[in-house]
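Single-structure report; data block below.
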Amino acid sequence: MIEGLVGWVKVGDLQPVRLMGVINLSRESFYKGSVASSNEALATARRLQEEGADIIDLGAVSTAPGSPPISEEVEKDRLFAALKEITNNLDIVVSVDTQRAKIAEKALSCGATCINDVSGLHDPDMSSKVAEYDGSLIIMASDQRPGDLPLLNQIIPLLGDKVRQAVGAGVALNKISIDPGIGKWMPGRTAAQDLAILDGFDRLRVIGRPVVAALSRKTFIGESLNIPDPGGRLAGSLAATAVAVYLGAHIVRTHDISASLDAIAMARAIRGRPIVTSDCDVDEHAVGDMQVEALGYLGQGMDQAEHLKRIQVDEGAYQLLSRKGSFRILAVRGLSSMEALIIKQEMLARGGDAAIPKMALRCDKRPQEILILGTHAQISSLVRNLKGQPFRLGHLAAIIEEALELIDNPERYR
């Protein structure tokens, strides 16, 4: 289950998708409709809040390809008068989009509660300054330059490392969110690369932090639809945003708050609730120590039976082969080390597996989280066996059954 905070706003699986309204104080920004002067920033922020924004993202330096370098002094001049006006007059979370730790420090001291760093913590002092003010932090996937990683196979491990780096510097884990960095940040970046990242957006869940979708009116939309002017890309932005939300985005950074509301709400409704069960779901007197979450699943019900019929497999094999062809990944939390080891051995005996913490092998007394990896048939066999096992494993069997059933249950969409 992914949960976190941006400022005082709760974000995550059990929260509404949060909207982050963009205000650019840089006239170099690629979309002129988002540009405001320092004198206009408060009125713009108030309008965005009235339209439904939960967070304002305020930036003074454009990162569009070909934008001229902006000095720290110019960034300060553009940013702080506007920031103070907004924080002094509106009750809304303000995030500051900056790559400089000194700017971030002053912004947090002036009332901002989040830093949005598209450089991926390139400034070595960024994390410690955010930690000093107990701020929230959005980390975009960047290695040497903003947006220089075009593949999810690069983005995911780098973001995982950056999250651990920030936590090591003192930033609270529940205040960190991530952004895969979609957009034409560099001349060689292609629309195809951005489309592939968006198509794989749900893969970002493995990092365990709230995910930001920053897609609004970007170049990949224009190239895909042959619309050179960002001003004409609203419909494409809404479609891309809906896909990102369906695939798990928790925060949408957009220039178009009111226009996005219905598309986001519909995509969130189709996505449904996370597939999570606990001992409270099977026993009203339980304290909720054990939890099962379906992280991934391939193969639904008897869908594969239709393919088996087409290739004329014996009817008696439909159900068994369908279960063997359906793969599940379950996160099981709150186990003792002994319970974790038993599940590991039971899954190995069935041809599946379970990933357990190395400390469980040393009988660590702390609650353990494991991953069960196997086909539906293997996990169902595990459940039958656990019902006769000691400790709390019989109880866990009921929780796993509940999670497996919830995958196909329409109640998840209420």
Side-chain angles (χ1 to χ4, degrees), residues 1-2 4 11-13 17 20 63 65 99 116-122 137-167 173 176-225 236-237 239-254 264 267-268 270-271 274-275 293-299 327-331 355 371 373:
M1 188 77 71
I2 296 174
V11 296
D13 291 339
V17 175
M20 174 182 279
T63 49
Q99 303 172 49
N116 181 10
D117 184 1
V118 300
S119 75
L121 310 181
H122 187 72
L137 178 63
I138 299 171
I139 306 173
M140 198 184 86
S142 304
D143 187 13
Q144 300 302 313
R145 295 173 56 187
D148 60 355
L149 299 180
L151 304 175
L152 276 170
N153 285 346
Q154 301 168 316
I155 289 167
I156 289 172
L158 178 130
L159 282 174
D161 287 342
K162 296 292 185 180
V163 169
R164 287 183 284 273
Q165 176 186 330
V167 170
L173 179 61
I176 299 175
S177 299
I178 57 171
D179 176 352
I182 287 178
K184 195 174 182 64
W185 297 90
M186 301 178 64
R189 190 69 173 260
T190 68
Q193 290 168 339
D194 284 334
L195 291 169
I197 294 170
L198 180 55
D199 188 36
F201 221 72
D202 54 345
R203 292 173 56 189
L204 294 161
R205 282 190 66 85
V206 300
I207 302 171
R209 303 311 313 139
V211 180
V212 177
L215 315 173
S216 184
R217 298 181 181 265
K218 287 193 171 178
T219 300
F220 82 100
I221 297 169
E223 291 185 2
S224 298
L225 301 178
S237 289
T241 295
V243 171
V245 169
Y246 175 72
L247 293 176
H250 302 97
I251 303 165
V252 170
R253 183 181 184 273
T254 179
I264 290 171
R268 180 65 180 83
I270 296 169
R271 183 171 90 195
I275 303 169
E293 179 177 0
L295 298 182
Y297 50 91
L298 177 65
F327 192 78
R328 305 286 186 255
I329 304 174
L330 304 179
L371 294 182
L373 315 167

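All values below were derived from every heavy atom in this structure, side-chain atoms included, with hydrogens, water molecules and symmetry-related copies excluded.
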Does atom OH of Tyr297 have more than 12 heavy-atom neighbours, drawn from other residues, nucleotides or ligands, at distances under 6.0 Å? yes
Looking at [atom1] of [X] and [atom2] of [Y], how far apart are the two atoms once the value is rounded to the nearest 0.5 Å?
{"X": "Leu198", "Y": "Leu247", "atom1": "CG", "atom2": "CG", "value": "7.0 Å"}
{"X": "Arg209", "Y": "His250", "atom1": "CZ", "atom2": "NE2", "value": "9.5 Å"}
{"X": "Ile176", "Y": "Gln165", "atom1": "CD1", "atom2": "CD", "value": "10.0 Å"}
{"X": "Lys218", "Y": "Leu215", "atom1": "NZ", "atom2": "CG", "value": "7.0 Å"}
{"X": "Ile139", "Y": "Lys162", "atom1": "CD1", "atom2": "NZ", "value": "8.0 Å"}

Nearest heavy-atom pair of [X] and [Y]: which atoms, and what distance?
{"X": "Phe201", "Y": "Ala244", "value": "CD2-O, 3.9 Å"}
{"X": "Ala166", "Y": "Leu137", "value": "CB-CD2, 4.0 Å"}
{"X": "Ile156", "Y": "Ile207", "value": "O-CD1, 3.8 Å"}
{"X": "Met140", "Y": "Leu159", "value": "C-CD2, 4.0 Å"}
{"X": "Ser142", "Y": "Arg145", "value": "CB-O, 3.4 Å"}
{"X": "Trp185", "Y": "Val118", "value": "CH2-CG1, 3.9 Å"}

Close side-chain approach of [X] to [Y], heavy-atom, < 4.5 Å:
{"X": "Val211", "Y": "Ile251", "result": "no"}
{"X": "Leu152", "Y": "Leu204", "result": "yes"}
{"X": "Thr254", "Y": "Thr241", "result": "no"}
{"X": "Glu293", "Y": "Leu330", "result": "no"}
{"X": "Val212", "Y": "Ile178", "result": "no"}

So, [X] side chain and [Y] main chain: donor-acceptor pair closer than 3.5 Å or not?
{"X": "Asp13", "Y": "Met1", "answer": "no"}
{"X": "Glu223", "Y": "Phe220", "answer": "no"}
{"X": "Ser177", "Y": "Ile138", "answer": "no"}
{"X": "Arg271", "Y": "Val245", "answer": "yes"}

Using side-chain contact (heavy atoms from CB on, under 4.5 Å), reason through Asp143 and Gln154 one step at a time and then give a plain yes or no. CA-CA 10 Å; Asp143 187 13; Gln154 301 168 316; over 6 Å; no
Answer yes when Arg205 and Asp202 have at least one side-chain N-carboxylate O distance shorter than 4.0 Å, and no when they do not. no
Check Arg189 with Asp194, please: is the shortest side-chain N to carboxylate O separation under 4.0 Å?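 So Asp194 pairs with Arg189 through a salt bridge.
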Check each of Ile221, Ile197, Thr219, Leu195 against Ile182 using the side-chain contact (heavy atoms from CB on, under 4.5 Å) test, and report the only one that passes.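 Only one option passes, and that is Ile197.
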side-chain contact (heavy atoms from CB on, under 4.5 Å) assessment of Val252 paired with Val17: CA-CA 7 Å; Val252 170; Val17 175; 3.8 Å; yes
